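Atoms within each ligand, like the ligands themselves, are counted from 1 in listed order. Reckoned from all heavy atoms, side chains included, excluding hydrogens, waters and symmetry mates. Throughout, residue positions are numbered sequentially from 1 according to the sequence presented. Small disclaimer: the values here were computed from a predicted structure and weren't measured.
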Amino acid sequence: MDESGVNIEDRVIVFDTTLRDGEQSPGAALNVDEKLEIARALEEMGVDVIEAGFPISSPGDFKAVQRIAREIRNCVICGLTRANKQDIDAAAEALKDAAYPRIHTGLGVSDIHIKYKLRTTREKALEQGVEAVKYARKFVGDVEYYAEDAGRADPEYLYQVLEAVIDAGATVVNIPDTTGYTTPDEFGALIRGIREHVPNIDRAIISVHCHNDLGMATANTLAGVLNGARQVEVTVNGIGARAGNPSLEEVVMALKTRRDIFRVDTRIDTRRIYPISRLVSQLTGIPVQPNKAIVGANAFAHSSGIHQDGVLKERTTYEIINPRDVGVPDSAIILSARSGRHGLRHRLAELGYELDDEQFEKVYQRFLLVADKKKTVDTRDLEAIVADEVQMFFEETYHLEHVQVSCGNHSIPTATVRIRGPNGEIYCDADHGTGPVDAVYRAINRVIKEPNELIEFSVQAVTEGIDAVGRVTIRIQADEPVNGDSRRVFSGHGADTDIITASAKAYMFALNRLIAARREAANARNGKTRSD
Ligand code: KIV
Ligand code: ZN
């Protein structure tokens, strides 16, 4: 124990909520297979708890929690509920095959939430919370209680609630700063106050769940740890509603790099941080900003001559983290067409990609095309190729076989596309537009008649140089397949040395995803599963 009573030999439990709070980022909607892929990567990375979803919120969420509970055997699998029986029943059912199930229930503790959202009184809210914990304990031995908006609550009331829910059987008490309002000093003091004023707190683990509205989510989480919290709730790349959640990579690497201050460990294999960051970005369509700590493209780039010189003489002059320790691949290793199948397979394995023969062959054929155009292919090109060819966790209904565009300052941009349909039939069509991308999208729309609105389009060079592979990420909005009245966003990405081709691929990706989601929703309505 140190002078403030914190056990310095402790380990911090990493609770990942990428698939629940993270998925609430606008447009981050993931299908069940995509969620399972992320859950597998989280398990391999050594995350302790995976919050897999909010089972009552939709049939898709229920199914995702159920499949993750069945397949991921080395993590606690957690499902979120509100403090009522129907939600808890749904979570218990979705989690029933989990090796280590946890129900995460709770409700608001701030007066703002009690008065305006819950329209009740402090006393009744406390009673409801206690009843919810007792009910959840009938199904599972591990119940986490969230005191929503604790960051803005009266601490005295919060202490009472926590004492009561721990007596009712909560094993973890979660202290959310739901609106991202607190500062690190304040939040740390709140956690310290809980340790000092909740008499039975030694029977539960204190968890911290922060939000980034004022850019302090990571700092607040760490302040929580310094003051005795032993579970951190984080998301990969910090994705989440509004400004997001604390990012897993920042919290874990701060704990590791400044162990002298925090004096705690996690079970995370930090070399898996970069690959999972890429996977989540790919699948959610949410790019990682270049200057993002730990996983941004510039996180380990040294452009100033003085810094370059320093790093060449001794890496630690300007680097506090070895990029290899977070799995950033060595981009200096390049391949060419001459590297052959063997060389490519070896490099892909080094980068952590496990491909079956069919997937490898697809990647190899694309690799040859890129190598032919660019002569050399580096790690970033390979990542883009794998994302395009392999990381597609839905059925591809329409396949783009050919795209051709004519444009220029004195001509009308015109595009022709050839598309293979679900039964192998070939469609050919053409249209013109305000620019080449518009023309291509209109031509595709003439074949695939899925009404949607393009709401975001971005293009990025994957590597340096005029011959770089361009990566296009788009978002389209369409009628939500389950509730016809709301709209849902689908992202798509495509990479090619020709950015018009990359744009066409990205659009086809998003459209196929939309079609697959509609098919899945129709199957759910008819009681079928995807594998039926
Ligand atoms: O931010 C929050 O309060 C939450 C709870 C539901 C845990 O996400
Ligand atoms: Zn939250």
Side-chain angles (χ1 to χ4, degrees), residues 13-26 28 49-58 61 65 76-84 86-88 90-91 102-114 116-118 125 128-129 132-133 136 142-153 157-158 161-162 165 170-182 186-187 190-191 194 204-221 224 229 231-248 250-251 284 286:
I13 295 165
V14 176
F15 174 115
D16 181 276
T17 183
T18 306
L19 301 176
R20 201 277 299 170
D21 226 2
E23 214 226 359
Q24 287 178 12
S25 304
V49 186
I50 296 177
E51 186 163 50
F54 180 11
I56 203 156
S57 66
S58 72
D61 243 43
V65 176
V76 173
I77 306 300
C78 175
L80 186 82
T81 81
R82 290 164 296 189
N84 66 54
Q86 297 91 305
D87 281 33
I88 295 170
R102 175 182 294 179
I103 292 179
H104 188 189
T105 191
L107 84 170
V109 289
S110 68
D111 287 332
I112 301 178
H113 274 229
I114 291 172
Y116 297 108
K117 178 180 163 187
L118 304 171
Q128 190 181 337
V133 172
D142 188 3
V143 172
E144 174 168 341
Y145 189 81
Y146 63 85
E148 192 176 6
D149 203 19
R152 292 188 299 170
Y157 175 64
L158 177 65
V161 170
L162 297 180
V165 295
T171 44
V172 180
V173 285
N174 178 13
I175 314 302
D177 179 23
T178 304
T179 55
Y181 179 72
T182 62
E186 261 178 327
F187 194 68
L190 182 65
I191 303 303
I194 290 169
I205 292 168
I206 302 178
S207 184
V208 281
H209 178 113
C210 298
H211 276 272
N212 209 27
D213 299 68
L214 292 173
M216 292 190 275
T218 297
N220 285 347
T221 302
Q231 177 175 284
V232 290
E233 306 204 357
V234 291
T235 63
V236 174
N237 297 336
I239 64 170
R242 309 184 309 277
N245 292 57
S247 82
L248 180 147
E250 290 172 17
V251 171
T284 57
I286 301 176

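- The shortest N or O to N or O distance between His211 and ligand 1 is below 3.5 Å.
- Between the Zn ion (ligand 2) and the N, O or S atoms of His211, the shortest distance is to NE2.
- Judged by distance alone, with hydrogens and angles left aside, the side-chain atoms of Gln128 form a donor-acceptor pair with the main-chain N or O of Ala83 at under 3.5 Å.
- The Asp21 neighbourhood of ligand 1 comprises atoms 8 (O), with distances under 4.0 Å to a heavy atom of that residue.
- At a 4.0 Å heavy-atom cut-off, ligand 1 touches Asn174 through the side chain alone.
- Nearest to atom 4 (C) of ligand 1 among the protein's heavy atoms is His209 NE2, 3.4 Å.
- Polar contact check, Arg20 against ligand 1: a nitrogen or oxygen pair lies under 3.5 Å apart.
- The backbone N or O of Ile239 lies less than 3.5 Å from no partner atom in the side chain of Asn237, so there is not a single donor-acceptor pair.
- Taking 4.5 Å as the limit, every side-chain heavy atom of Thr178 sits out of range of all side-chain heavy atoms of Tyr146.
- In this structure a side-chain-to-backbone donor-acceptor pair under 3.5 Å is present from Asp87 to Arg82.
- Not a single N or O atom of Glu148, backbone or side chain, sits closer than 3.5 Å to an N or O atom of ligand 1.
- Judged by distance alone, the side chain of Asn245 and the main-chain N or O of Asp21 form no donor-acceptor pair under 3.5 Å.
- Between the side chain of Ser110 and the backbone N or O of Ala153 there is no donor-acceptor pair closer than 3.5 Å.
- Computed with the Zn ion (ligand 2) at the centre, the Asp21 OD2 to His209 NE2 angle is 90°, stated to 10 degrees.
- Scanning all protein heavy atoms for the shortest distance to atom 3 (O) of ligand 1 gives Thr178 OG1, 2.7 Å.
- Atom OH of Tyr157 has more than 12 heavy atoms from other residues, nucleotides or ligands within 6.0 Å.
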